[in-house]
Amino acid sequence: MTHLLFTRFPRKAGSFVQELQEILPGTTVACAPVLEAVAVTPEDWDATAFSLIRGEYSWVTFTSVNGVLAFDALAAELGQSTVELLGAAQVAAVGTATGKALEALGILVDFVPEEQSAAGMVAEWPLDEEWEDPTEVTVLLVQGLTASPTLEAGLTDYGYTALTLGVYDMQTYPAHQPLVERTEEDAAALDLDAARDALASADVLVATSPLILSTLAEGYSGQLPPTVTIGAATGAAAREMPTRVRPAKISATTTPAPADLAAAVADLLHSSE
């Protein structure tokens with residue numbers, strides 16, 4: 001029997017498990033979120049909110065569902081909706097899940113890259129070289145405190161003024177007062193110690209972010225099992241790990257779509273035979 005460790009909450013794993021069972025019947029999946037988001041209030045939030053109200057940002061980007069939820073909570077504390085606060089600014093989402101979270105709040109999303117990552121946002125950014133002077137464009141990047149500088153650096157290279165707004169932090173699961181309320185289903189989630197114990201018997205690890213991967217590996221004494229990574233950044237993080245823990249085999253998928261993840265797991269297992 002194949003054992004898999006998936007670094008997500010059980011509530012987010014259902015579609016993936018279903019896809020996986022169709023390809024690899026009998027596979028067991030243990031869910032270990034490793035980290036979960038906790039809302040924070042930026043020190044410059046009041047000033048940023050006033051700048052939004054005055055229409056000083058041409059674009060506002062969101063690189064996770066957590067960022068959308070935390071920003072919406074901050075807006076509510078001001079007696080504003082996210083729609084009201086964003087005003088006429090154009091809105092970019094890193095992927096379909098983030099885009100749907102924005103649309104659920106009534107936000108029209110102007111840009112979603114095909115490659116669902118910060119690097120994809122930079123590579124596919126809708127530049128308007130004929131009509132737009134980049135030095136007159138200010139972009140607000142709504143993100144977590146531990147977000148990589150990829151998007152900020154890329155937009156700055158285009159000539160834009162890119163300002164970051166950290167609205168949530170990632171803390172070890174189970175965190176105190178998490179941003180997203182846990183469900184009854186999430187009671188089956190493994191904590192960090194149990195997740196590290198599960199690595200010893202896992203045939204495949206599915207890692208959803210560089211921070212989660214590094215947190216899971218920290219303090220682990222063995223080599224990580226063959227690993228499927230989501231996104232270029234997570235794949236790079238896996239390849240750059242110390243030799244003693246680096247997975248012997250790494251397979252990267254560019255999207256978090258359940259069917260794509262399941263196919264990547266199957267391919268990785270077949271290549272290990």
Side-chain angles (χ1 to χ4, degrees), residues 35-95 97-99 101-113 117-122 125-127 132-172 175-181 209-212 215 233:
L35 304 170
E36 63 182 335
V38 174
V40 298
T41 300
E43 291 183 1
D44 57 348
W45 170 237
D46 288 342
T48 300
F50 285 129
S51 294
L52 281 165
I53 292 169
R54 290 194 294 266
E56 295 178 8
Y57 297 103
S58 302
W59 282 89
V60 180
T61 69
F62 293 85
T63 49
S64 71
V65 174
N66 287 329
V68 175
L69 298 177
F71 184 90
D72 187 57
L74 287 171
E77 290 178 2
L78 295 177
Q80 299 276 319
S81 70
T82 295
V83 171
E84 292 170 327
L85 205 52
L86 293 180
Q90 292 183 281
V91 176
V94 71
T98 304
L102 287 162
E103 290 169 356
L105 297 175
I107 306 298
L108 174 65
V109 180
D110 299 284
F111 168 60
V112 180
S117 67
M121 294 184 82
V122 173
W125 189 263
L127 296 170
E132 182 179 83
D133 179 359
T135 62
E136 297 180 356
V137 175
T138 300
V139 185
L140 181 65
L141 282 56
V142 180
Q143 58 189 33
L145 297 182
T146 57
S148 80
T150 300
L151 183 57
E152 180 184 7
L155 296 182
T156 299
D157 285 345
Y158 288 148
Y160 299 141
T161 298
L163 303 177
T164 62
L165 184 71
V167 295
Y168 68 93
D169 192 17
M170 298 302 294
Q171 297 183 6
T172 303
H176 180 59
Q177 294 184 332
L179 176 62
V180 179
E181 185 177 353
S209 80
L211 183 60
I212 284 176
T215 302

### Query
side chain to side chain contact (heavy atoms under 4.5 Å, CB included) between V65 and T98: does it pass, once the steps are laid out?
CA-CA 5 Å; V65 174; T98 304; 4.1 Å; yes
### Message
If the condition is salt bridge (Lys or Arg N to Asp or Glu O under 4.0 Å), which residues does E152 pass it with, not counting sequence neighbours?
### Response
none
Pairwise distance [atom1]([X]) to [atom2]([Y]) - rounded to 0.5 angstrom:
{"X": "L211", "Y": "L35", "atom1": "CG", "atom2": "CG", "answer": "5.0 Å"}
{"X": "L102", "Y": "L69", "atom1": "CG", "atom2": "CG", "answer": "9.5 Å"}
{"X": "L155", "Y": "T138", "atom1": "CG", "atom2": "OG1", "answer": "11.5 Å"}
{"X": "L86", "Y": "Q80", "atom1": "CG", "atom2": "CD", "answer": "10.5 Å"}
{"X": "F71", "Y": "L85", "atom1": "CZ", "atom2": "CG", "answer": "4.5 Å"}
{"X": "T215", "Y": "M170", "atom1": "OG1", "atom2": "CE", "answer": "9.0 Å"}

### Message
If the condition is side-chain hydrogen bond (donor to acceptor under 3.5 Å, both in side chains), which residues does T150 pass it with, not counting sequence neighbours?
### Response
S148
Which heavy atom of [X] sits nearest to which heavy atom of [Y], and what is that distance?
{"X": "P42", "Y": "L165", "answer": "CG-CD1, 3.6 Å"}
{"X": "P113", "Y": "A93", "answer": "CD-O, 3.1 Å"}
{"X": "A92", "Y": "M121", "answer": "CB-CE, 3.8 Å"}
{"X": "V60", "Y": "A89", "answer": "CG2-CB, 4.0 Å"}
{"X": "V109", "Y": "G99", "answer": "CG2-O, 3.8 Å"}
{"X": "V122", "Y": "G154", "answer": "CG1-CA, 3.8 Å"}

Do [X] side-chain atoms and [Y] backbone N/O form a donor-acceptor pair below 3.5 Å?
{"X": "D110", "Y": "V91", "value": "yes"}
{"X": "Y57", "Y": "L141", "value": "no"}
{"X": "E36", "Y": "A175", "value": "yes"}

### Message
Within the 4.5 Å heavy-atom criterion, are W59 and Y160 side-chain neighbours or not?
### Response
no
### Query
Can you find a pair of side-chain heavy atoms, one from L127 and one from P134, that are under 4.5 Å apart?
no
### Query
If you look only at pairs with a residue in residues 43-54, which of them pass as a salt bridge (Lys or Arg N to Asp or Glu O under 4.0 Å), with sequence neighbours excluded?
R54-E56
#### Entry: side chain to side chain contact (heavy atoms under 4.5 Å, CB included) between T61 and W125, worked out
CA-CA 11 Å; T61 69; W125 189 263; 3.8 Å; yes
### Message
Under 3.5 Å, is there a donor on one side chain and an acceptor on the other for S64 and Y168?
### Response
yes
